[in-house]
Engineer: 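Please find one structure pasted underneath; my questions will follow.
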Amino acid sequence: MSMEKTFETIYGKVTLRTAMIDTDGTNLSEGIEIKVNGKLQAEVLGTYIHIDDMTQEEVESFVEEHVSEEEL
């Protein structure tokens, strides 16, 4: 079951979604998709977070950790 939530942040609208991510064309791994203003910016593998419980500050830190500054 995927979980998705959108947050208003300093980067605009950030959507975090749990997903099964294609790792090599054959295999899938659980992870988190990060979309910023509707554009997929990163897929984080092997990480599980409680999206519903995250604060705006935690979301911004997660984005900063996984999305390059040039993409923001």
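If you're wondering where the values come from, they're calculated on a predicted model, not measured in any experiment.
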Engineer: Check side-chain contact (heavy atoms from CB on, under 4.5 Å) between Glu58 and all other residues, then give those that pass, not counting sequence neighbours.
Structural biologist: Met54, Thr55
Engineer: If you define the side chain from C-beta out and look only at heavy atoms, does anything of Val44 sit under 4.5 Å from Phe62?
Structural biologist: yes
Engineer: On a heavy-atom basis, which atom in Thr23 and which in Ser29 lie closest, and how many Å separate them?
Structural biologist: CG2-CB, 3.6 Å
Engineer: For residues Ile32 and Ile49, report the shortest heavy-atom separation together with the two atoms involved.
Structural biologist: CD1-CG1, 3.9 Å
Engineer: Does any non-hydrogen side-chain atom of Thr15 lie less than 4.5 Å from one of Glu4?
Structural biologist: yes
Engineer: I need the minimum non-hydrogen distance between Thr9 and Gln56, along with the two atoms involved.
Structural biologist: CA-NE2, 3.9 Å
Engineer: Under a 4.5 Å cut-off applied to non-hydrogen side-chain atoms, are Leu28 and Asp22 in contact?
Structural biologist: yes
Engineer: Any side-chain heavy atom of Met20 within less than 4.5 Å of one from Glu30?
Structural biologist: yes
Engineer: Could you give the distance from NZ (Lys39) to CD1 (Ile34), rounded to the nearest 0.5 Å?
Structural biologist: 13.5 Å
Engineer: Mind listing the closest non-hydrogen atom pair of Val14 and Tyr11 along with its distance?
Structural biologist: CG2-CB, 4.5 Å
Engineer: So, using side-chain contact (heavy atoms from CB on, under 4.5 Å) as the criterion, who are the partners of Asn37 when residues are at least two apart?
Structural biologist: Lys13
Engineer: Going by heavy atoms in the side chains, are Asp52 and Lys5 under 4.5 Å from each other?
Structural biologist: yes
Engineer: Using the side chain to side chain contact (heavy atoms under 4.5 Å, CB included) rule, pick out the option among Lys35, Glu43, Glu33, Met3 that qualifies with Arg17.
Structural biologist: Glu33
Engineer: I need the minimum non-hydrogen distance between Glu64 and Ile10, along with the two atoms involved.
Structural biologist: OE2-CD1, 4.3 Å
